[in-house]
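All of these numbers come straight from a predicted model, not from anything done at the bench. Letters go in sequence order (proteins before strands), and every chain restarts at 1.
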There are 2 protein chains.
Amino acid sequence: MATIEDVARVAGVSRSTVSYALSGKRSISRATQDRIEAAIADLGFTVNAGARALATSQTMSIALLSQFHQDEFAPAMLQYIRSVSDAARELGYDVLFVTDTDGAAAVKRITSSNMVDGVVLLDVTHADPRLGLLRAARQPGATVGLPGDVEGLDIFDLDFAESARLIIDHLYGLGHKEVVLISPPEHVFERGGAYGWRFRDAAVERAGGYGMRIHTYYGESQQPAIGTNINSILDARPTATALVVHNDATIAALPLVLMARGVKVPEDLSVVSLYSTDFGRIFSLPYTAVESSPDVLGRLAVEQLVRRINDPGHAGPAVVHLIAPELRDRGSTA
Amino acid sequence: MATIEDVARVAGVSRSTVSYALSGKRSISRATQDRIEAAIADLGFTVNAGARALATSQTMSIALLSQFHQDEFAPAMLQYIRSVSDAARELGYDVLFVTDTDGAAAVKRITSSNMVDGVVLLDVTHADPRLGLLRAARQPGATVGLPGDVEGLDIFDLDFAESARLIIDHLYGLGHKEVVLISPPEHVFERGGAYGWRFRDAAVERAGGYGMRIHTYYGESQQPAIGTNINSILDARPTATALVVHNDATIAALPLVLMARGVKVPEDLSVVSLYSTDFGRIFSLPYTAVESSPDVLGRLAVEQLVRRINDPGHAGPAVVHLIAPELRDRGSTA
DNA sequence: CTGAAAGCGCTTACAG
DNA sequence: CTGAAAGCGCTTACAG
């Protein structure tokens, strides 16, 4: 493998001159520059990333920590992973993808061994054990997901409370008086999946303010329980005119269940949900829904993280950015 | 950040002794060992991964290259990514997750800058442009997916031809005489997605040998084209008694389409497909299918890659491992 | 059982 | 415009 030393020798200059020619951090004569470039091409030289990282204390990599919970529905996850990965590359960073079961230990391992310049946390829970270790790390951290304590990290998430209000407002505007809400599985709540109760509590409060009746249920995460669950909920609430689904696995299974029951949307039942356009396409979902914007969230987190990496201290106080929900009307409400 | 130098000073020994205490590569007296461990704990020392990599020429990372084609159905992908990531961690390797649009350039960048000890390629096509660069790299490479030229790399894939035969045999055994096959989208074939024709050609040949009629069609990759496509195919072949689906997006949408048509499985139509158990669960698919085993494939690729990393030259000639298909009977054929 | 020193491949003040 | 040298934080022959 050619090193900078080899390039220097072939070009007849010093190592430092080659290094500066590479970085452009000082001016080099035309002739020297040309000889160096020729030598680089001849030798097929590429900078050794590890050596550069050691010398500069910059790895040009960020870690992406993802967790795979059994009670979570995987298809939505890949969109966050992709958006983080794409955004990172655009900004010149590589991505260390970390899926260790023990996320807290992974944060410690990755940060203390200096493998990355920053960390993005996905699937953040209310009292996420990874947060403390990330705050203690010398690298900056950003999360997708709003934890209970936002201190010292840049937080990005959809505004789930506002999403719920937007949906209730929409249904109220259409004259609905009795609504059913299917939330994430109970396990998600127990685990501290705050998006579950942020959405539900806001929906209940807003509906109450309008004098609407709202019945809330936990959803399931696995078939065949999902189908059984939907059916028993609909059986129990025959007078409800609208169904709000805040649960990926449930909304994915809904078209089939409703067709089997002979329920027409929106004639017999209005349906509103929360998912990304891509997710909707994957599952052929025809429902009006709040856009969950995984692409936007992943990108925002990475951009802010890179800002902190490049300008520690000057990037301002920690940010909590809840993006405003948008309702995509697909005609499933009436 | 504490360095090995700090640990040495606090413990009152030399850097080399600390290093050996860490690696266990030479024996250390009990007393010295204890002092070193105490110093490490006091200082919260962790080895700097980059410095170690520079000194040992081992990064303890592998690259995972994934491509996101528009005509491919994303949900299946995450399972390969997960299995590679999990297997790598179990073997002590971290994973650099690379999703650059230009995969060939990414292979070059990652390998020539020495960021990883080996490379796993996902979504490999017949004449994949990444292969040449990976062969030219000094790091070993493994693929999930069978390319046209298998030279110099370890290849892992499902035996799609045998999968097709298994399915045709199964249908023939049940007395079917006319079968429809929906393949991956035409774009996948054009792009060199060899699994498409390996499956189809074997199915056609085997069916021909049995005197069965088989009608082959390309599937679609996006709604609403998927539904339209399925309906027009079924309309065109009313006398076919079995449907073989080798297409993720199509099989995911099939239950709804069949229910809408009032087609009962297996009474009116037998259905056989090819997907993983997890995939089937996500889409609530009730069909008999060949297990695609993403978890097994990802793991095999990583294990072989690590074998090569640890024992270059002695790990034997390049391997082409096509795993034998298994049919999971879920009662969707008669 | 332990230490001093060279080396991994870069970058960057310091000097001229 | 360019070079010699120190330093990033480790590992590992070489010596004793």
(Q) Applying side chain to side chain donor-acceptor pair (under 3.5 Å), can you list everything that pairs with A:R15, at least two apart in sequence or on another chain? (A) none
Q: Give one of base, sugar-phosphate or nothing for B:S113, where a contact means two heavy atoms less than 4.0 Å apart.
A: nothing
Q: List for me each residue that meets side chain to side chain donor-acceptor pair (under 3.5 Å) alongside A:R191, sequence neighbours excluded, and say none if there are none.
A: A:H69, A:D71
Q: Mind checking salt bridge (charged side-chain N to carboxylate O under 4.0 Å, His left out) for B:D278 and listing every partner two or more places apart, or none if nothing turns up?
A: B:R281
Q. What are the bounds, 5' to 3', of the part of DNA chain C that sits under 4.0 Å from heavy atoms of chain A?
A. C:dG9 to C:dC14
Q. Excluding sequence neighbours, so at least two apart, what forms side chain to side chain donor-acceptor pair (under 3.5 Å) with B:R308?
A. B:D154
Q: Using salt bridge (charged side-chain N to carboxylate O under 4.0 Å, His left out) as the criterion, list what pairs up with B:R138, not counting sequence neighbours.
A: none
(Q) Show me the pairs that pass ring-ring contact (aromatic ring centres under 6.0 Å, His included) and involve residues 89-135 of chain A, at least two apart or across chains. (A) A:F97-B:F97, A:H126-A:W197
Q | Set of side chain to side chain donor-acceptor pair (under 3.5 Å) partners for B:T59, sequence neighbours left out | A | B:D117
Q) Taking only residues two or more places apart in sequence, or in another chain, which ones meet A:V150 in a side-chain contact (heavy atoms from CB on, under 4.5 Å)? A) A:L146, A:P147, A:I155, A:V320
Q. By a strict heavy-atom criterion of less than 4.0 Å, which residues belonging to residues 12-43 of chain A are in contact with DNA chain C?
A. A:R15, A:S16, A:S19, A:Y20, A:K25, A:R26
Q.
Stem finding on DNA chain C, please: runs of three or more consecutive Watson-Crick or G-U wobble pairs, both distances under 3.5 Å, sorted by first number.
A. C:1-3 with D:14-16, C:5-12 with D:5-12, C:14-16 with D:1-3
Q. Salt bridge (charged side-chain N to carboxylate O under 4.0 Å, His left out) with B:D34: which residues, sequence neighbours excluded?
A. B:R30
Q.
Within this structure, what is the CG-CG distance for the pair A:L65 and A:D100, rounded to the nearest 0.5 Å?
A. 7.5 Å
